[in-house]
Amino acid sequence: MSAREQWSSRTAFVLAAVGATVGIGNIWRFPYLVGEYGGAAFILVYLGCLAVFGLPLMIAEVAIGRRSRLNPVHGFRYLATETSGSPAWLLAGLMGIVATLCILPLYSVVAGWTMAYLVRTASGILVGVTGDGARSIFNALISDPEKLFGWHTLFIVSLTLVAARGVRQGLERAVRVLVPGLFLILLSLLAYSWGGDALQRALDFMLAADFEAVTMAGMLAAMSQAFFTLSLGMGALMIYGSYLPGDASIIRSTASVVLIDTLMAIMAVLAVFPIVFSSGLSVAEGPGLVFQTLPVAFGRMGGGMILGSAFFLLLLFAAWSSGLSLMEPAVAWLVESGVLGRGWAAVVVGLIVWLLGIGVVMSFSAWSFEFTFADEVRTGGLFDVLDILSASILLPLGGLAVALFAGRTLSRKLMAEEIGGGEGLGFWVWYGLIKYVVPVGVVVILLRAVGGI
Ligand code: PHE
């Protein structure tokens with residue numbers, strides 16, 4: 001086998017990891033959660049969760065990846081046997097890969113909605129649309145398998161092409177364009193939104209710090225959002241860490257990633273809220289915010305076509321660079337098992353995800369079915385099944401596995417060596433968090449997700 005590839009620099013890693021972490025979660029989920037749960041108060045709780053759970057877990061994942069220099073399945077097994085742990089730890093890696101294969105089809109279908117909306121805003125179809133109109137347009141789209149099928153195929157083929165070209169020629173080149181692109185689009189949206197007086201209303205809303213709106217449900221939502229937005233618990237950051245050059249500081253790199261991810265989420269809120277407020281609409285409408293409320297706002301404003309197109313392009317870039325990180329663990333696993341070359345590995349993974357995605361495409365039409373999970377009736381067929389399985393079950397379990405592995409199975413000395421900087425105060429804070437605090441937090445998220453609390 002040829003030598004294993006690495007990122008060309010620490011910056012390349014940070015770009016790729018920012019691409020992985022800044023996703024639909026930042027641009028869609030975070031703004032509606034902030035709207036729903038009380039502005040700045042929610043953000044404060046969220047920042048706390050990032051510091052206490054998110055960053056320590058990300059450090060652990062990246063360190064495990066770099067220490068093993070392998071894909072998650074082989075990586076867990078190799079490090080476990082090296083430190084006389086059980087080889088069954090490879091199941092943790094396998095679980096991560098299953099999680100990526102569950103999330104990717106969802107991501108692909110939502111990216112498909114995004115592409116459809118990009119075309120619609122750019123072509124002016126949505127100019128002057130009413131609230132009811134926007135709702136029925138959205139429902140017509142998600143129950144139209146023919147349209148979704150084409151977008152889904154396009155998204156998966158484009159990811160496969162990049163994954164087939166490897167770490168430097170594929171992933172690194174893509175994120176070098178996508179991530180600065182993301183940042184520039186966000187900046188221009190911000191600049192535009194800040195022109196009007198709606199900015200003041202958005203800031204007033206944000207800064208009202210309505211601590212009463214941060215209920216128990218809000219705190220748990222902040223915690224799982226911290227987890228989801230950092231792409232933790234599925235080996236995506238582990239595989240990216242496994243390509244990190246040996247002399248790069250893990251703490252500095254991961255801290256930059258968390259900082260930029262947070263910045264982009266807050267920028268998204270500051271761009272979206274004024275747009276919504278300036279049309280006299282509400283930001284507290286939940287998941288409908290992006291595909292149902294925003295189109296109405298864009299449809300009412302001058303320049304809405306351009307602004308709307310920029311927004312959906314932003315969402316598409318974010319989904320695309322996250323999609324790349326979701327392909328990589330499975331592709332690297334197949335390659336490092338010695339079964340397939342990179343090109344074929346990418347094709348096989350792409351094909352599996354594409355097939356699963358067909359089920360998701362049909363979830364709101366022919367193949368929709370109803371079931372109850374955690375006392376909630378869900379009607380979205382395979383879409384909801386994969387969503388629950390990944391975000392509510394596999395991701396927290398994966399996070400728990402990483403915390404237990406880094407904090408208990410691997411020795412403290414080994415982790416200190418890999419993270420660097422010796423066993424100073426910072427290391428002990430990290431160690432205490434990963435050993436005691438993170439596992440408890442993750443179990444709470446898990447129990448909450450399955451309706452246990
Ligand atoms: N972090 C991504 C987001 O915020 C979601 C994601 C999770 C992407 C896991 C890849 C892996 O949307």
Side-chain angles (χ1 to χ4, degrees), residues 14-34 46 49-50 53-55 57-58 61-62 65 72 93 95-111 113-114 155 159 162-163 171 174-175 178-179 182 186 221-241 254 257-269 287 289-290 314-332 349 353 386-399 402 442 445:
V14 172
L15 280 178
V18 165
T21 58
V22 175
I24 296 175
N26 299 57
I27 318 287
W28 174 15
R29 208 155 170 257
F30 188 65
Y32 83 68
L33 288 176
V34 173
Y46 170 76
C49 293
L50 285 179
F53 304 105
L55 182 60
L57 255 181
M58 191 187 278
E61 261 204 64
V62 173
M95 189 168 71
I97 290 191
V98 172
T100 58
L101 297 181
C102 290
I103 295 192
L104 244 181
L106 301 176
Y107 239 72
S108 176
V109 171
V110 176
W113 301 349
T114 308
F155 188 73
L159 291 184
V162 177
L171 299 177
V175 297
L178 288 173
V179 173
L182 267 174
L186 250 182
M223 214 146 109
S224 29
Q225 173 65 5
F227 209 83
F228 183 79
T229 193
L230 296 182
S231 306
L232 298 169
M234 56 173 45
L237 283 160
M238 205 180 288
I239 194 77
Y240 277 13
T254 49
V257 175
V258 174
L259 213 67
I260 301 175
D261 180 78
T262 310
L263 191 72
M264 297 250 211
I266 293 179
M267 281 167 73
V269 174
L289 182 64
V290 162
L314 170 73
L315 196 57
L316 181 60
F317 275 20
W320 212 62
S321 56
S322 295
L324 291 175
S325 77
L326 287 164
M327 293 274 286
E328 189 56 25
V331 172
V349 175
V353 175
L386 293 181
D387 178 32
I388 292 175
L389 188 63
S390 56
S392 303
I393 300 175
L394 294 175
L395 290 200
L397 273 182
V402 169
V442 178
I445 298 184

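Counting starts at 1 for both ligands and their atoms, following the listed order. Excluded from the calculations below are hydrogen atoms, water molecules and symmetry mates; all remaining heavy atoms, backbone and side chain alike, are included.
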Which N or O atoms of ligand 1 sit under 3.5 Å from a protein N or O, and how far apart is each pair?
unit_1, atom_1, unit_2, atom_2, d
ligand 1, 1 (N), Thr21, O, 2.9
ligand 1, 1 (N), Phe228, O, 3.0
ligand 1, 1 (N), Thr229, O, 3.0
ligand 1, 1 (N), Ser231, OG, 3.0
ligand 1, 4 (O), Thr21, O, 3.2
ligand 1, 4 (O), Gly25, N, 3.4
ligand 1, 4 (O), Asn26, OD1, 3.2
ligand 1, 12 (O), Ile24, N, 3.0
ligand 1, 12 (O), Gly25, N, 2.6
ligand 1, 12 (O), Tyr107, OH, 2.6

Salt bridge (charged side-chain N to carboxylate O under 4.0 Å, His left out) pairs, two or more places apart, involving residues 387-397 = Arg378-Asp387

message = Strictly by salt bridge (charged side-chain N to carboxylate O under 4.0 Å, His left out), give each pair with a member in residues 100-110 just once, sequence neighbours left out.
response = none

Gly235 versus Pro329, closest heavy-atom pair with distance = O-CG, 3.9 Å

key: Minimum heavy-atom distance between Ala163 and Met327, given as atom pair plus value   = CB-CE, 4.0 Å

Return a table of donor-acceptor pairs under 3.5 angstrom between the side chains of residues 15-27 and protein atoms on other chains or two or more places apart.
unit_1, atom_1, unit_2, atom_2, d
Thr21, OG1, Ala17, O, 3.1
Thr21, OG1, Val18, O, 3.3
Thr21, OG1, Asp261, OD1, 3.4
Asn26, OD1, Gly23, N, 3.1
Asn26, OD1, Thr229, OG1, 3.1
Asn26, ND2, Asp261, O, 3.1
Asn26, ND2, Asp261, OD1, 2.9

message = So if I apply the ring pair (Phe, Tyr, Trp, His ring centres under 6.0 Å) rule between Tyr46 and each of Phe53, Phe227, Phe228, Phe30, which one comes out positive?
response = Phe30

